[in-house]
Amino acid sequence: AIRNQTISHTLDKGALDFSVQYPADTQADDVNEEWSVAVPAKVHVKSHINIGKLKVTGIGGGVEAQMNIGKVMLDVPGGPLDVSINVGKITVQAHTTDYGSVALATNIGDTHLTVDGLSVGCTQKQGTGSQINYQGKGSDAINLKTNTGKVSLALQAQTPPAAAKH
């Protein structure tokens with residue numbers, strides 16, 4: 001168990017930043033963190049993770065995420081998306097019709113794009129990688145890329161049943 005770690009946060013120009021500081025003699029390779037942060041759905045989420053997993057649900061203000069190694073899973077009602085992973089997997093479900101420029105890319109691996117359950121876009125194979133560019137009529141840009149891994153985006157105009165209002 002690690003003792004005397006410090007969890008801190010700062011709020012600067014509307015951006016809330018969380019961090020953990022460990023004692024100087026802590027072996028960082030042996031540390032696992034799990035965060036659960038609840039924020040209003042309209043906020044913009046920005047994340048930087050070295051190794052790990054990021055799961056974001058219900059955020060409509062946009063998501064920016066950078067990761068070295070790991071997995072990003074988003075299930076969002078819309079908003080601009082910009083996700084980049086060196087090695088890993090990106091899986092996104094966006095329940096929106098307000099998307100504009102859509103770009104999926106991987107240097108080594110596969111890309112997959114569906115709109116309302118149908119595969120769309122022209123997959124361009126580039127050596128061992130692939131790229132898909134697609135243009136919608138909306139304003140939200142979606143950029144998802146990995147160096148090595150898999151990128152999957154499902155755009156759905158309808159709201160999922162669990163989120164439907166009664």
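In this structure, the separation between CG on N86 and OG1 on T148 is 6.5 Å, given to the nearest 0.5 Å. Interatomic distance, Q156 CD to T114 OG1, rounded to the nearest 0.5 Å: 6.5 Å. To the nearest 0.5 Å, the span separating CG on D75 from OG1 on T57 amounts to 7.0 Å. Rounding to the nearest 0.5 Å gives a distance of 12.0 Å between CD1 of I90 and CE of M73. Separating the CG atom in N143 from the OG atom in S101 is a distance of 6.0 Å, to the nearest 0.5 Å.
For the salt bridge (Lys or Arg N to Asp or Glu O under 4.0 Å) condition, no pair includes a residue of residues 43-70, sequence neighbours left out. Residues in residues 82-110 take part in these salt bridge (Lys or Arg N to Asp or Glu O under 4.0 Å) pairs, two or more places apart or across chains: D110-K125. Contacts classified as salt bridge (Lys or Arg N to Asp or Glu O under 4.0 Å) and involving residues 130-139 (residues at least two apart or in different chains) are not found.
When every heavy atom of P80 is checked against every heavy atom of G61, the shortest pair comes out as CD-O, 4.2 Å. Of all non-hydrogen atoms in N133 and A103, the two that sit nearest each other are OD1-CB, 3.5 Å. Considering all non-hydrogen atoms of both residues, M67 and G52 come closest at SD-O, 3.4 Å. In terms of heavy atoms, G100 sits closest to Q135 at C-NE2, 3.3 Å. Heavy atoms only, all atoms of each residue included: P77 and G60 are closest at CG-CA, 3.8 Å. When all heavy atoms of V56 and V63 are compared, the closest pair comes out as CG1-CG2, 4.1 Å.
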Stepwise side chain to side chain contact (heavy atoms under 4.5 Å, CB included) check, L113 with T123: CA-CA 9 Å; L113 172 63; T123 302; over 6 Å; no

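Taking hydrophobic clusters as Ile, Leu, Val, Met, Phe, Trp and Tyr residues chained together by side-chain heavy-atom distances below 4.5 Å, I49 shares a cluster with V92. V151 and V87 sit in two unconnected hydrophobic clusters of ILVMFWY residues. Membership requires side-chain heavy atoms under 4.5 Å apart, directly or through other members. In the hydrophobic cluster analysis, where Ile, Leu, Val, Met, Phe, Trp and Tyr join through side-chain heavy atoms closer than 4.5 angstrom, V39 is grouped together with L74. Connection of V37 to I7 is established within a shared hydrophobic cluster, with ILVMFWY side chains joined at heavy-atom distances below 4.5 Å, either directly or through further cluster members. Under the 4.5 Å side-chain heavy-atom criterion for ILVMFWY residues, a single connected hydrophobic cluster contains both L153 and Y134.
Between V83 and the options L54, I142, L144, a side-chain contact (heavy atoms from CB on, under 4.5 Å) holds for only L144.
Looking at T106 and T146, their side chains do bring a donor and an acceptor atom within 3.5 Å of each other. Residues S130 and T111 bring a donor and an acceptor atom of their side chains to less than 3.5 Å of each other.
At least one donor-acceptor pair closer than 3.5 Å links the side chain of D140 to the backbone N or O of G79. Under the 3.5 Å distance criterion, the side-chain polar atoms of H48 are left unmatched by any main-chain donor or acceptor of Q66.
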